[in-house]
Amino acid sequence: GERRTAVMTNPYAGIVEPLDPERPDHKFYNLSMLKDDRYGRLPFSVRVLLEAALRNCDEFLVKKSDVENILNWKETQKKSVEVPFRPARVILQDFTGVPAVVDFAAMRDAVKKLGGDPEKINPVCPADLVIDHSIQVDFNRKQVTAHVHNEILSWKECGCWPLVEIQGHRDGLHMLKYSSVKNQDLEFERNRERFEFLKWGSQAFKKMRIIPPGSGIVHQVNLEYLARVVFEQDGLYYPDSLVGTDSHTTMIDGLGVLGWGVGGIEAEAVMLGQPISMVLPEVIGYRMVGIPDKLITSTDIVLTVTKHLRQVGVVGKFVEFFGEGVAQLSIADRATIANMCPEYGATAAFFPVDNVSIKYLEQTGRDADKLEYIEKYLKKVGMFRDYRDKSQDPDFTEVVEMDLTTVVPCCSGPKRPQDKVAVTDMKKDFEACLGAKQGFKGFGVAPEKHSNCVNFAYNGTEFSLTHGSVVIAAITSCTNTSNPSVMLGAGLLAKKAVEAGLSVKPYIKTSLSPGSGVVTYYLKESGVMFYLAQLGFEVVGYGCMTCIGNSGPLPEPVVEAITKVGDLVVTGVLSGNRNFEGRVHPNTRANYLASPPLVIAYAIAGTVCIDFEKEPLAVNASDIELPEICLCSIIWDPNSTYIKSPPFFDGLTRELLPPRSIMNAHVLLNLGDSVTTDHISPAGNIARNSSAARYLSKRGLSPRDFNSYGSRRGNDAVMARGTFANIRLFNKFVGKQGPQTLHLPSGEMMDVFDAAEKYQQDGVPLLVLAGKEYGSGSSRDWAAKGPFLLGIKAVLAESYERIHRSNLVGMGIIPLEYLPGETAETLGLTGRERFNIIIPELLVPRMKVTIQLDTEKTFQACMRFDTDVELTYFRHGGILNYMIRKMIQQ
């Protein structure tokens with residue numbers, strides 16, 4: 001009844017008709033009935049935005065003028081026109097999902113305190129939360145005997161989606177070259193509080209489904225199981241679309257499902273029924289032509305695409321792939337390219353649905369009747385693509401081209417995904433980086449130290465480390481483990497290596513963490529798993545693991561050789577999507593992204609200082625039941641160090657207070673370019689000498705129980721102390737890497753949290769100065785929540801990463817941007833000044849505001865609230881405050 005009412009009040013109700021005359025109750029909005037020639041020229045990705053606006057048009061949240069603006073994309077794309085978008089669903093992973101559920105629970109408390117109905121805080125948009133970020137590589141190269149049922153969650157028992165069962169012996173025992181059992185046991189031991197809380201959330205909140213640990217990586221689970229491609233709900237067909245609280249949500253674009261990453265705060269608003277307010281994007285057409293060499297992998301292609309599109313400049317834009325070259329790419333290849341969309345800076349990387357997409361859905365077990373209506377619907381609405389048919393090519397803002405025949409085997413690094421290095425150049429490139437000035441392509445090692453070599457003993461055998469030595473080799477990440485071609489390629493290389501008598505040095509931390517149980521199945525069935533395990537690449541668990549910094553500890557003799565003796569620049573090689581400083585492991589200053597076969601190759605070589613064309617590779621020689629919890633409301637446990645009621649809504653009033661200028665602010669940190677969300681809010685292990693460690697120690701925890709920052713995102717006290725706690729943070733006040741800053745009034749150097757606490761005690765508002773691409777990297781809401789808790793009122797930067805700017809807005813922090821041609825340097829800012837940021841009563845998007853310094857200097861900056869909706873959030877003190885007030889009014 002509710003849907004029929006919505007359709008009847010929709011001004012476009014006249015184009016609703018049955019998809020199949022034999023099923024008159026199953027209808028769709030037939031966009032071809034618009035009889036508008038502009039529709040057929042729209043990029044396919046924009047057609048998805050149009051359908052969503054048209055279907056949800058109610059002349060309130062979505063208006064006819066919004067539909068017209070999208071339909072008129074060719075004219076409006078460059079005019080910063082704001083449009084609403086209501087995605088079909090939301091996807092979360094546990095690092096961002098736990099704080100989302102904490103926020104919902106806290107919002108219920110706030111609504112109740114203000115006299116409203118707490119039950120109104122409930123998702124109205126379907127949401128799936130996949131637990132994949134918690135497991136770490138604590139155990140590897142271990143022999144484990146276990147009952148199969150103790151390591152594999154069955155479909156029925158977890159109530160979600162099934163994993164492929166591994167066939168064991170008749171007695172039910174299976175001898176595994178696995179450490180996955182040990183790692184998963186430890187995952188449950190560390191994260192029991194979080195998992196119990198998530199179980200409560202899945203039962204307390206409607207339309208929220210939890211995919212349990214051990215199932216796989218969120219984006220591969222999304223691709224293989226969760227994606228609908230076309231929704232059929234309440235008798236209505238419409239395109240699948242989503243936003244996710246992980247920046248690599250874009251992987252699903254490879255299947256023709258439009259999706260991208262947003263901040264956790266924005267995702268929470270979507271779950272509560274609020275549309276996303278977005279600037280209608282430009283769409284870059286990326287034409288692929290030619291046939292790649294047979295030795296080229298999808299990893300080589302995506303690293304080449306990443307560097308190319310970074311040069312083109314696609315930040316804030318959609319990229320849509322087309323051309324005959326796309327037709328020969330598998331869905332796994334397309335998903336790999338779409339996955340790294342955040343690394344080349346675009347919002348989405350869209351591959352429209354074609355016959356290859358339908359074949360993939362069939363291969364992954366989708367129902368035949370669903371496949372039938374998916375194809376029929378998409379063809380009816382003009383969203384089904386034939387990449388070889390040039391007449392289907394739509395209009396684009398700009399077209400760029402890649403000839404796949406020009407792609408060569410490559411890696412990326414040592415510190416950024418866009419810094420592509422041909423494999424033939426790896427040796428000389430690393431050697432050049434070693435002595436180059438400290439930066440993205442430099443380590444600043446003095447020439448006399450380039451030949452440093454440190455001997456050490458490991459398990460009774462002598463080894464040596466030099467600059468460039470590989471100490472971590474990980475086949476990991478949804479980017480590559482979802483792709484059978486590169487995974488089987490790694491397995492075949494391992495087979496050849498083992499048969500040739502080659503091995504990997506025992507101190508190198510090797511691991512294989514597949515994106516789903518399907519990978520384990522085909523590696524075993526093809527006969528290559530044995531050889532991978534022989535080289536140390538046995539399955540260590542199902543999750544993101546090394547790619548997000550959950551690489552676990554290195555052997556102590558290795559750490560000592562790296563740090564205390566040689567100050568060596570050693571390397572990690574991983575098939576991941578990010579290699580920012582300090583992300584993979586604190587002791588690997590250089591990290592290279594590579595295809596799974598190259599991970600194997602560099603692991604065997606033991607160094608990246610090798611030219612494979614001229615030098616030899618080597619010389620021969622349990623089910624866990626969680627207790628039932630009360631569903632009515634959360635009872636916060638004051639003793640919990642994982643889950644804590646956050647102070648975001650303390651002092652929240654029903655009435656809206658006018659925004660105030662920021663007066664006499666001090667600069668907390670003076671930062672440079674490409675400060676990532678890993679620098680702002682690290683996800684890795686909690687250092688023993690950190691503010692967070694001191695907090696946990698006072699509560700009786702030993703260092704082995706600290707766990708990671710990512711796992712403690714449900715506790716604001718830990719996360720505030722972890723803000724800007726990355727050991728690779730470079731603060732100009734300090735002059736070297738480390739999580740410290742200068743407390744300006746006292747002149748003391750101290751941890752960032754301790755300095756912020758002093759400022760807050762004195763009632764001093766805070767500011768951060770930064771360079772280009774502030775907040776690049778993961779879509780991490782705590783990179784905005786943490787600064788909010790530190791008392792940071794504004795950030796002044798040269799430019800922002802899209803999701804992080806949105807997160808700052810969501811927390812009520814002002815994102816200020818220098819005017820074109822101006823920087824901290826050109827303005828002569830040292831960061832030691834005191835700042836007055838004048839906020840007028842009348843606010844408009846992207847307005848200029850005046851900044852006054854105590855030196856009597858005055859300048860202007862752009863206030864990066866890009867839409868009227870974002871200004872509304874700011875006036876309320878953030879998006880969650882806005883939602884609470886809105887729910888109370890309803």
| said: Could you check whether Arg47 makes a cation-pi contact with Phe44, meaning its NZ or CZ is under 6.0 Å from the centre of the six-membered ring and within 45° of the ring axis? | reply: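 Judged by the rule (NZ or CZ under 6.0 Å from the ring centre, within 45° of its axis), Arg47 counts as positioned above Phe44.
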On a heavy-atom basis, which atom in [X] and which in [Y] lie closest, and how many Å separate them?
| X | Y | answer |
| --- | --- | --- |
| Pro87 | Ser241 | CA-OG, 3.4 Å |
| Tyr387 | Arg334 | CE1-NH1, 3.9 Å |
| Pro342 | Arg310 | O-NH2, 3.6 Å |
| Val486 | Ser298 | CG1-OG, 3.9 Å |
| Leu223 | Ala335 | CD2-CB, 4.0 Å |
| Ile252 | Ala227 | CD1-CB, 3.7 Å |

| query | Can you tell which of Glu817, Glu870, Glu266 makes a salt bridge (Lys or Arg N to Asp or Glu O under 4.0 Å) with Arg805? | reply |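 That would be Glu870; it is the only one of Glu817, Glu870, Glu266 passing the salt bridge (Lys or Arg N to Asp or Glu O under 4.0 Å) with Arg805.
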Donor-acceptor pair, distance only, cut-off 3.5 Å: does the side chain of [X] make one with the backbone of [Y]?
| X | Y | value |
| --- | --- | --- |
| His679 | Leu729 | no |
| Glu801 | His804 | yes |
| Asp253 | Gly259 | yes |
| Thr245 | Gly264 | no |
| Arg780 | Ser681 | yes |
| Thr823 | Thr826 | yes |
| Lys441 | Lys415 | no |
| Asn483 | Asn480 | no |
| His133 | Gln93 | no |

| said: Measuring from atom CD1 of Ile331 to atom CG of Leu329, what distance do you get when rounded to the nearest 0.5 angstrom? | reply: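 Spacing of CD1 (Ile331) from CG (Leu329) equals 9.0 Å.
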| said: So, taking the atom named CG in Leu796 and the one named CG in Leu769, what distance separates them when rounded to the nearest 0.5 Å? | reply: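 Leu796 CG to Leu769 CG: 5.5 Å, rounded to 0.5 Å.
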| said: Against Thr476, only a single residue in Pro596, Cys544, Cys547 fulfils side-chain contact (heavy atoms from CB on, under 4.5 Å); can you say which? | reply: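 Of the listed options, the one satisfying the test is Cys547.
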| request: Going by the side-chain contact (heavy atoms from CB on, under 4.5 Å) test, name the single residue among Glu320, Gln77, Arg287, Lys74 that passes it with Phe396. | output: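 Option passing the side-chain contact (heavy atoms from CB on, under 4.5 Å) with Phe396: Glu320.
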| field | Heavy-atom side-chain contact between Lys307 and Cys410 under 4.5 Å | value |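 Not touching, per the 4.5 Å side-chain cut-off.
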| Option passing side-chain hydrogen bond (donor to acceptor under 3.5 Å, both in side chains) with Arg583 (candidates Thr676, Asp678, Thr546) |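 The passing option is Asp678.
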Establish, from distance only, whether the side-chain atoms of [X] and [Y] form a donor-acceptor pair under 3.5 Å.
| X | Y | value |
| --- | --- | --- |
| Asp354 | Ser357 | yes |
| Thr588 | Asn591 | yes |
| His248 | Glu343 | yes |
| Asn731 | Asn670 | no |

| message | Is it the case that over 12 heavy atoms from other parts of the model lie below 6.0 angstrom from the CG atom of Leu819? | response |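 Yes, because the 6.0 Å sphere around CG of Leu819 holds more than 12 heavy atoms from other groups.
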